[in-house]
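Worksheet for the structure shown next.
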Amino acid sequence: MTSRPVRVRFAPSPTGPLHVGGARTALYNFLYARATGGTFVLRIDDTDLARSTDESLQNILDGMRWLGLDWDEGPTRPGETESASRFGPYFQSLKFDRYREVVLDLRERGRAYPCFATAEEVEEGRQAMARETGVPMYDRRYRTLPRDEADARIAAGEPHVWRFATPLASDGGESRVVVHDAVKGDVEVDLKQIDDFVMLRNDGTPLYNLCSTVDDLDMEITDVVRGEEHFVNAVKQILLFRALEADVPRFAHLPLILGKDGKKLSKRVAQTNLLDYRDQGYPPEAIVNFLTLLGWSFDGEREIFSLDEAVRAFSIDKLGRSGSVFDEDKMIWMCGMYVRATPVDVLVDRVAPFLEDAGVLSKSAIAESRAFVENVVACHRERFDRYGEVPSKIAFLFADTVEYDAKALKNLRKSPETADWLLAFRGALEGVAVPPSWPDRPPEADALRLPEPVNDTANRGGGSSAFARPSELEAMARSLADRLGIGFGNLVAPLRAALTGAAGGAGLFDIVYLLGRERCVARIDAAIESLRS
RNA sequence: GUCCCCAUCGUCUAGCCAGGCCCAGGACGUCAGGUUUUCAUCCUGAAAACAGGGGUUCAAAUCCCCUUGGGGACGCCA
């Protein structure tokens, strides 16, 4: 087989938001194009004018860009037309004349005919066919209508659609079609199963199978990579390619992404709108990584890899044949892996919009206290997987008062002496240089990068900062516990409760350092107060 | 109902095409330990699968057939 350079397309219809299944289809097209040095085309299949919306188009383009799936040809920005190319336009709604032309051509070739059946007649025939053959389809009643009669009825303004005349064995035509599919292998389909499908609606607008085929032809698409639900369409399109005496592209029908219920992923069982993941702060790299693994495997061992690495390792014949369940737990785990691997400054950029939206920190506050915010995020990065989780995890640092959760309350009341211990700690605080509370922190307080390296003894306790670093605060607390004659945990648990309102969280002395003197003192006082009342 | 596809741990998968190296490897999740001031991270370990039945073969997760199970399609949607 002579192989032209690969040209693949992702062809969503802008009738709804980009679905995660669609995103994976786009991703595999992208990988295949990049892996083979081919071209990745984005085409907008907006033939259904009634259901297509600009909002959906925008959503699709945003989703593609968010994932980093850059296309070589296709629309640029909504409102703009498209990247200049001899293969455009990339909106099917701009090519209606072309499709109609093809239908007329098809009629000359004996493969298209007008059908005047009413909706009721079609339905009636459908039921009869279902009874007779088991296949509910149009009964082809207008297929043999003489041409002059058909033209007369058209001229008279009678409503009609244009149908494709599927080759029939009874007419001496071929009776089977073989789909050569990269994932399914060669699949033979009996044409008895194939309807005389509609190509042009009653209102003259074209339909999917026609447009898709014509565009794949016009755009010199070499490989059609799409979801398995399109498999039967491949047969219709092959018929169309042949009728047009054109080369048939290769096909690859991807197994579906399944929900926990084992059925095609739907919003009933999962979040299917790709951009919802963005809005909840899932790292896009993690989504891409995860989606890549749904039906393909890097090397059988490695789970975490970049899009570029996937491109280098990708091979279309390593695609799996069975559907895969969308496992949100694993995806969240993967998000966490990316969060922990992201440099702190980048991480803060990613997290910032979520902090702003939640009203925890304003954009200007983040900019002005950048080093402080980076330390806050760095101290919490092992405790969140998605950016959207951050505001609620760090809000306590900026609150005026804290509310104790059940476990914190328990820790606070564990011993009748906790109030005394807290008071002792409060007193000990007087003797150490705890940085002032935000926002009144001098820059040098946050020049120290947190969290401190655990095993870096050279860095711990050394240095000449004007402030006591967390490790020094910890040393202070340990000696205080010694003096009080209690275990370290007895001091630390209620202190954490008093300071954060929770039983878990970032390193306690990182928290003391970040919270600052005034807030620490106020919270300890508040805790003691509540213990006494 | 008709046609098509699929079938390895609960889940994602490697192995299957070119049978032996597989009493089946990795990952998520689960459970148990360890590290830690807590939670988390991290580390170690455990339980966990070739759907069933027939063949072919010296040898089958790997090839063939049947059964069962699951999924998809059957639009003047894409």
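Note that the coordinates shown come from a computational prediction; the quantities given were computed from them, not determined experimentally. These numbers come from the heavy atoms of this one structure, side chains and all, not from hydrogens, waters or symmetry mates. Chain letters run A, B, ... following the sequence lines, proteins first and then strands; every chain starts at 1.
- The two residues A:Ser324 and A:Leu294 come nearest to each other via the heavy atoms OG-C, 3.7 Å.
- Judged by Watson-Crick or G-U wobble contacts below 3.5 Å, the nucleotide B:G1 has B:C74 as its partner.
- Nucleotides B:G55 and B:A46, compared at atom P, are 37 Å apart to the nearest Å.
- Taking the six-membered ring for Trp and thresholds of 30 and 60 degrees, A:Phe96 and A:Tyr99 have ring planes inclined between 30 and 60 degrees apart.
- When distances run from any side-chain atom of A:Arg383 to the nucleotides B:A7, B:A78, B:C39, the shortest one goes to B:C39.
- Backbone-only contact: A:Arg478 has heavy atoms under 4.0 Å from sugar-phosphate atoms and none from a base.
- Tested against A:Asp216 for a salt bridge (charged side-chain N to carboxylate O under 4.0 Å, His left out), the candidates A:Arg9, A:Arg250, A:Arg226 yield a single pass: A:Arg9.
- When the P atom of B:U38 is taken as reference, atom NE2 of A:His380 falls 16 Å away, rounded to whole Å.
- In the model, A:Tyr90 has no side-chain atom that pairs as donor or acceptor with a side-chain atom of A:Arg43 under 3.5 Å.
- No side-chain donor-acceptor contact under 3.5 Å links A:Arg496 and A:Thr500.
- For A:Phe326 and A:Phe290, the gap between ring centers is short of 6.0 Å.
- A:Arg321 contributes no side-chain N or O that forms a donor-acceptor pair with the base of B:C6 under 3.5 Å.
- Straight-line distance from the CZ atom of A:Arg302 to the P atom of B:C28: 15 Å, rounded to whole Å.
- Classification of the A:Tyr277-A:Tyr282 ring pair by plane angle, with boundaries at 30° and 60°, yields perpendicular.
- Among the protein residues, A:Asn202 comes within range of the nucleic acid bases, having at least one heavy atom under 4.0 Å from a base atom.
- Within the nucleic acid shown, A:Thr15 has no heavy atom closer than 4.0 Å to any nucleic acid atom.
- Comparing the P positions of B:U62 and B:A7 gives an interatomic distance of 12 Å, to the nearest angstrom.
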So which protein nitrogen or oxygen atoms get under 3.5 Å of nucleotides 16-23 of chain B's nitrogens or oxygens?
none

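- Within 4.0 Å of A:Ala493, counting heavy atoms only, lies no atom of the nucleic acid at all.
- When the C1' atom is used for both B:A49 and B:A27, the distance is 15 Å, rounded to whole Å.
- Using a 4.0 Å heavy-atom cutoff across all strands shown, A:Asp195 reaches no nucleic acid atom at all.
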Exercise. How does protein reach along nucleotides 47-53 of chain B, written 5' to 3' as B (base within reach of a heavy atom under 4.0 Å), S (only sugar-phosphate), or - (no contact)?
Worked result: -------
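- For B:G15 and B:U8, the P atoms lie 14 Å apart once the distance is rounded to whole Å.
- If you check every strand for non-hydrogen atoms under 4.0 Å, A:Val161 touches a base.
- The shortest distance between the side-chain N/O atoms of A:Arg126 and the OP1/OP2 oxygens of B:G75 is below 4.0 Å.
- Note: CH2 (A:Trp333) to P (B:G29) measures 8 Å, nearest angstrom.
- Enclosure of atom NZ in A:Lys267 is not indicated, since only 12 or fewer non-hydrogen atoms of other residues, nucleotides or ligands lie within 6.0 angstrom.
- The environment of A:Lys260 atom NZ is dense: over 12 non-hydrogen atoms of other residues, nucleotides or ligands sit within 6.0 angstrom.
- Residue A:Asn289 contributes atom CG, which lies 11 Å from atom C1' of B:A27 at whole-angstrom precision.
- In this structure, A:Phe231 atom CZ and B:C6 atom P are separated by 9 Å, rounded to whole Å.
- Between the P atoms of B:C50 and B:C23, the separation comes to 14 Å (whole Å).
- Between A:Asp327 atom CG and B:C9 atom C1' there is a gap of 13 Å when expressed in whole angstrom units.
- The closest donor-acceptor contact from the side chain of A:Asp195 to the backbone of A:Phe197 lies at 3.5 Å or more, if one exists at all.
- In this entry B:C28 has B:G10 as its Watson-Crick or G-U wobble partner, both defining distances falling under 3.5 Å.
- The base-pairing partner of B:U35, taking Watson-Crick or G-U wobble contacts with both distances under 3.5 Å, does not exist among the strands shown.
- Using atom C1' as the reference point in both B:G19 and B:G34, the two lie 43 Å apart (nearest Å).
- Base pairing of B:A51 is made with B:U67, judged by Watson-Crick or G-U wobble geometry with both donor-acceptor distances under 3.5 Å.
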Can you tabulate the close N/O pairs, meaning under 3.5 Å, that link protein atoms to atoms of nucleotides 70-73 of chain B?
from  : atom 1 : to       : atom 2 : distance (Å)
B:G71 : OP1    : A:Lys263 : NZ     : 2.5
B:G72 : OP1    : A:Lys264 : N      : 3.3
B:A73 : OP1    : A:Lys264 : NZ     : 3.0

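- A side-chain donor-acceptor contact under 3.5 Å links A:Arg381 to the backbone of A:Thr342.
- Between A:Leu291 atom CG and B:U11 atom P there is a gap of 19 Å when expressed in whole angstrom units.
- For the OP1/OP2 pair of B:U13 and a distance below 4.0 Å, the side-chain nitrogens and oxygens of A:Ser324 include at least one atom meeting the criterion.
- At the heavy-atom level, A:Leu294 lies under 4.0 Å from the strands shown only through sugar-phosphate atoms.
- Using a 4.0 Å heavy-atom distance criterion, A:Arg340 is classed as a sugar-phosphate-only contact.
- With a 3.5 Å ceiling on both atom-pair distances, B:C21 lacks any Watson-Crick or G-U wobble partner.
- The base of B:U38 lies close enough to the side chain of A:Arg496 for a donor and an acceptor atom to sit less than 3.5 Å apart.
- Nucleotides B:A78 and B:C21 place their C1' atoms 48 Å apart, quoted to the nearest Å.
- Contact annotation for A:Gly507: base contact, defined as any heavy-atom pair under 4.0 Å involving a base atom.
- When each of B:C76, B:A27, B:G25 is scored by its nearest atom to the side-chain atoms of A:Glu301, the top-ranked nucleotide is B:G25.
- Spacing between atom CZ of A:Phe326 and atom P of B:U11 amounts to 16 Å, rounded to whole angstrom units.
- With a 6.0 Å radius and a threshold of 12 heavy atoms from other residues, nucleotides or ligands, A:Arg140 has its CZ atom above the threshold.
- For A:Gln280, the CD atom is densely surrounded, since the number of other residues' heavy atoms within 6.0 Å is greater than 12.
- Inspection of the A:Asn375 and A:Tyr513 side chains reveals no N or O donor paired with an N or O acceptor under 3.5 Å.
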